There are 2 protein chains.
Amino acid sequence: MPRAARRPTIVDVAQKAGVSKSTVSLVLQQSPLVRAETRTQVREAMADLGYVYNRAAANLRSANAGLIGLVINDLRNPFFAQFAISLQMALSARGYAAVIANTDEDPNLQAQVVEAMIEHGVSAVILSSAYGGDDGVFEALNRAAIPTMQVLRKMAGQITGFPFASPDYREGGRLATTHLLDQGAKKIAFVGGLEGRSVTEERLSGYLSVLDARAMEPLILTGRSSRGFGREMARKLEDDYPDVDGVLCFNDQVALGLLSGCAEIGRRVGTDFKVVGFDDVEEAAEAWPALTSVHCDIAGFGSSTAETVLDWLENGMVPKTETRTPVTLIVRDSSAGTN
Amino acid sequence: MPRAARRPTIVDVAQKAGVSKSTVSLVLQQSPLVRAETRTQVREAMADLGYVYNRAAANLRSANAGLIGLVINDLRNPFFAQFAISLQMALSARGYAAVIANTDEDPNLQAQVVEAMIEHGVSAVILSSAYGGDDGVFEALNRAAIPTMQVLRKMAGQITGFPFASPDYREGGRLATTHLLDQGAKKIAFVGGLEGRSVTEERLSGYLSVLDARAMEPLILTGRSSRGFGREMARKLEDDYPDVDGVLCFNDQVALGLLSGCAEIGRRVGTDFKVVGFDDVEEAAEAWPALTSVHCDIAGFGSSTAETVLDWLENGMVPKTETRTPVTLIVRDSSAGTN
DNA sequence: AAATTCTATTAGATCGTTCCAAAACGAGTC
DNA sequence: GACTCGTTTTGGAACGATCTAATAGAATTT
């Protein structure tokens with residue numbers, strides 16, 4: 001009986017093309033050493049046999065597995081999802097595959113998936129870390145000598161000097177607050193976000209710096225960063241803080257929740273009560289009223305992160321310790337409604 | 001000078017534990033052949049040396065790489081994203097890692113990423129295919145003898161008999177339409193979705209079967225499946241089809257767009273004009289008014305898909321040719337507003 | 001005491017690549 | 001004809017695990 005057809009190997013290709021396996025290997029690596037004529041012969045043999053490269057074997061001998069690990073604290077959040085997707089696609093375009101894992105903000109799960117990635121021989125890891133937990137993950141990555149890039153969130157205990165990159169949240173907070181003032185807001189609140197986390201603190205610090213400069217009193221209503229929280233705050237603001245006429249939300253989830261909360265209680269947004277979000281998720285433009293938001297170009301950030309990491313791997317270009325990418329404010333009806 | 005510390009291998013572990021490398025290998029594979037005492041010795045040696053398993057090496061010899069490929073046509077869509085995430089986490093829980101790729105509905109990109117996954121030696125592929133393109137992807141997977149599961153979307157030209165699974169869209173269409181009738185709707189429209197695609201056709205067919213049974217005239221307004229399309233349709237329905245008092249939307253994106261469109265033109269939703277969505281994305285519950293939607297339990301579907309595939313791999317349990325998982329209707333204010 | 005069974009361990013081949021050092025080749029130079 | 005030289009090509013040793021068949025030792029049966 002016919003045994004299952006074995007996958008062809010470079011030896012089979014070599015035989016068919018009438019060269020040695022070493023030559024085939026050189027062709028695979030696009031080495032300039034091979035004569036053009038030989039190269040095409042080998043390529044034809046590959047096509048004829050339906051040869052597929054076996055990366056596991058290659059990886060055993062050489063370092064580069066062509067696999068990049070991507071660890072994200074909350075992939076359900078469209079902001080992170082968008083980042084992950086554009087990063088993955090950029091990697092793909094340069095011939096790398098991405099192992100992606102969601103940690104759901106759980107440091108133990110994070111330790112586990114990073115361990116798995118190291119086992120799989122990823123060439124680099126891009127990490128938007130869960131808060132909490134020890135530095136075990138960083139130590140493991142360090143021990144395995146795996147280039148690691150921290151993104152979006154800066155960890156407090158970060159002992160190892162892994163490079164970090166994120167959009168310039170602080171500047172975003174400044175832009176948004178300044179805009180609200182320019183639109184005539186007299187009392188501006190900051191709503192949402194979990195206290196003590198780098199992202200919240202940075203956005204908040206931009207907000208505070210602007211108010212400080214004008215000697216205005218801040219109003220900080222941190223808590224969660226969900227749509228539901230935003231919705232709750234709509235009522236709370238109307239009831240407890242009627243003088244607030246401008247709101248900078250921690251992110252678009254909160255802002256969108258706030259918008260629907262306002263719709264619910266019949267409060268008009270855009271003129272007497274202005275709302276600005278953060279992240280500019282796709283939905284912001286389509287909300288009603290359309291949401292003004294700090295655009296972080298997270299898709300661009302994702303692909304540039306991919307480039308940075310691959311340049312590190314392939315060309316030894318070590319990234320800067322800290323990179324902040326520029327943000328812009330997209331003004332829409334929620335803060336500049338037609339009067 | 002001290003050369004970079006080489007990663008310890010099973011040989012190092014064996015030496016330290018005073019056994020042969022074969023024994024260490026058996027321990028790694030949790031073989032019951034090893035004496036308990038020996039096992040703990042080996043485990044200790046591993047811990048001492050900081051040994052990490054090298055899957056590339058293992059994969060070279062044995063088949064199972066512990067890697068599963070996940071190919072999704074549109075990861076930006078929260079429905080698919082949710083699916084991918086829960087699938088990945090279920091895989092993770094069973095010790096597998098996921099290589100995830102977004103194809104952006106591009107058949108060529110899809111062919112490319114599947115090729116890359118085969119190179120990486122994935123043990124199985126889960127595919128929500130892009131429409132269009134030839135069957136090359138299926139042929140490649142077939143040739144490489146990689147167990148492949150099609151999900152969520154059924155391809156027309158599917159030559160190879162790969163198993164398929166999705167929520168029971170047709171039943172969902174029936175449930176939603178019946179509910180609208182029960183709520184007193186007299187004229188029900190189906191809005192959104194791209195014609196000719198399996199998902200649209202199935203949802204539509206559930207809708208049509210219910211109307212047919214009562215000899216009612218359908219009104220089908222297919223087009224796109226975006227929020228923007230839903231918003232456009234709010235105006236169109238009011239202007240051109242004023243008698244329509246119930247709408248079944250292709251998905252929640254369309255429904256949510258329709259809701260904001262209605263908010264914009266000041267049309268009340270929930271009593272005289274009832275709207276039902278499809279997919280029950282997280283946001284549906286938090287929209288205003290809260291959106292009635294067909295709940296597909298996509299998270300549950302993701303993890304059960306993971307289980308199915310791993311049972312196939314590990315225990316040889318070949319999945320059924322076609323599986324449809326049950327759906328339920330979640331009734332909220334958009335179709336049952338308090339009068 | 002020899003033969004049999006069972007348990008626990010092991011040596012050595014093997015997987016499909018890459019890498020190194022060496023070799024083959026042709027062309028030009030002495 | 002022997003030599004250097006640059007360009008191509010090649011054999012064979014890695015890489016780090018798994019797998020098969022063999023083996024040593026203890027327990028049981030004959």
Side-chain angles (χ1 to χ4, degrees), chain A residues 3-43 45-46 49-67 116 118-121 123 144-145, chain B residues 3-43 45-46 49-67 95 118-121 123 144-145:
Chain A
R3 73 207 165 104
R6 198 176 44 86
R7 258 209 212 182
T9 74
I10 52 168
V11 178
D12 301 318
V13 174
Q15 202 150 35
K16 174 128 191 161
V19 297
S20 77
K21 64 179 164 46
S22 303
T23 303
V24 177
S25 176
L26 289 174
V27 171
L28 283 172
Q29 294 165 79
Q30 334 226 41
S31 162
L33 288 178
V34 186
R35 193 155 44 108
E37 199 186 328
T38 313
R39 191 196 318 279
T40 52
Q41 269 170 39
V42 172
R43 284 263 149 76
M46 284 182 184
L49 294 173
Y51 168 79
V52 284
Y53 187 57
N54 183 334
R55 280 175 189 268
N59 187 219
L60 188 54
R61 193 72 177 85
S62 75
N64 193 346
L67 256 193
I118 298 177
E119 286 186 3
H120 279 286
S123 306
Chain B
R3 71 209 166 104
R6 197 177 44 88
R7 261 209 211 181
T9 74
I10 54 166
V11 178
D12 302 317
V13 174
Q15 201 150 35
K16 175 128 189 159
V19 296
S20 76
K21 65 180 160 49
S22 302
T23 303
V24 177
S25 176
L26 289 174
V27 171
L28 283 173
Q29 294 167 77
Q30 331 225 44
S31 161
L33 288 177
V34 185
R35 192 154 46 106
E37 199 185 330
T38 314
R39 191 196 317 279
T40 52
Q41 269 172 40
V42 172
R43 284 262 149 76
M46 284 182 183
L49 294 173
Y51 169 79
V52 283
Y53 188 58
N54 183 333
R55 280 175 189 269
N59 187 219
L60 189 52
R61 194 73 177 79
S62 75
N64 193 343
L67 255 195
I118 297 176
E119 286 186 2
H120 279 286
S123 306

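Residue numbers start from 1 in every chain, and the chains themselves are labelled A, B, ... in the order their sequence lines are given, proteins ahead of strands. Since the model is a prediction, treat every value here as computed from it, not as a measurement.
If you take CG of B:N54 and P of D:dA14, they are 18 Å apart, rounded to a whole angstrom. Rounded to a whole Å, the OH atom of B:Y53 is 10 Å from the C1' atom of D:dG16. Rounded to a whole Å, the CG atom of B:N64 is 10 Å from the P atom of D:dC19. The separation between A:L60 atom CG and D:dA14 atom C1' is 9 Å, rounded to whole Å. Put simply, CD on A:Q15 is 13 Å from P on D:dT10, counting in whole angstrom units. In this structure, CD of A:E119 is placed 15 Å from P of D:dG16, rounded to the nearest angstrom.
Expressed to the nearest 0.5 Å, how far CG of B:N54 lies from CD1 of B:I10 amounts to 10.0 Å. From A:R35, atom CZ reaches atom CG of A:L26 across 13.5 Å, with rounding to the nearest 0.5 Å. The distance from atom CG of A:L67 to atom NE2 of A:H120, rounded to the nearest 0.5 Å, is 8.5 Å.
Using a 4.0 Å cut-off, some side-chain N or O of A:R35 falls inside it from OP1 or OP2 of D:dT9. At the phosphate of D:dT9, OP1 or OP2 sits under 4.0 Å from a side-chain N or O atom of A:T38.
A heavy-atom distance below 4.5 Å is found between the side chains of B:I118 and A:R7. In this structure, the side chains of A:V13 and A:L49 come closer than 4.5 Å at one or more pairs of heavy atoms. Using a 4.5 Å heavy-atom threshold, the side chains of A:S25 and A:K21 count as separate.
Minimum interatomic distance between B:S123 and B:G66 (heavy atoms only, all atoms of both residues): OG-N, 3.8 Å. Among all heavy-atom pairs drawn from A:A45 and A:A17, the shortest one is CB-CB, 3.8 Å. A pairwise comparison of heavy atoms in A:P8 and A:G50 identifies CG-O, 4.0 Å as the closest pair.
Between the side chain of A:S62 and the backbone N or O of A:N59, no donor-acceptor pair lies under 3.5 Å. Here the side chain of A:R39 pairs no donor or acceptor atom with the backbone of A:Q30 at under 3.5 angstrom.
The residue A:V34 sits close only to the backbone: its heavy atoms come under 4.0 Å of sugar-phosphate atoms, none of a base.
Residues from residues 18-29 of chain A placing a heavy atom under 4.0 Å of any atom in DNA chain D, listed by number, are A:V19, A:S20, A:K21, A:S22, A:T23, A:L26.
Both B:L33 and B:R61 lie close to DNA chain C; mapped to their nearest nucleotides by heavy-atom distance, the more 5′-ward contact belongs to B:L33.
Nucleotides of DNA chain C with any atom under 4.0 Å from a heavy atom of chain B span, from 5' to 3', C:dA8 to C:dG16.
The terminal axes of the helix from C:dA1-D:dT30 to C:dA27-D:dT4, fitted over 5 pairs per end, subtend an angle of 60° to the nearest 10°.
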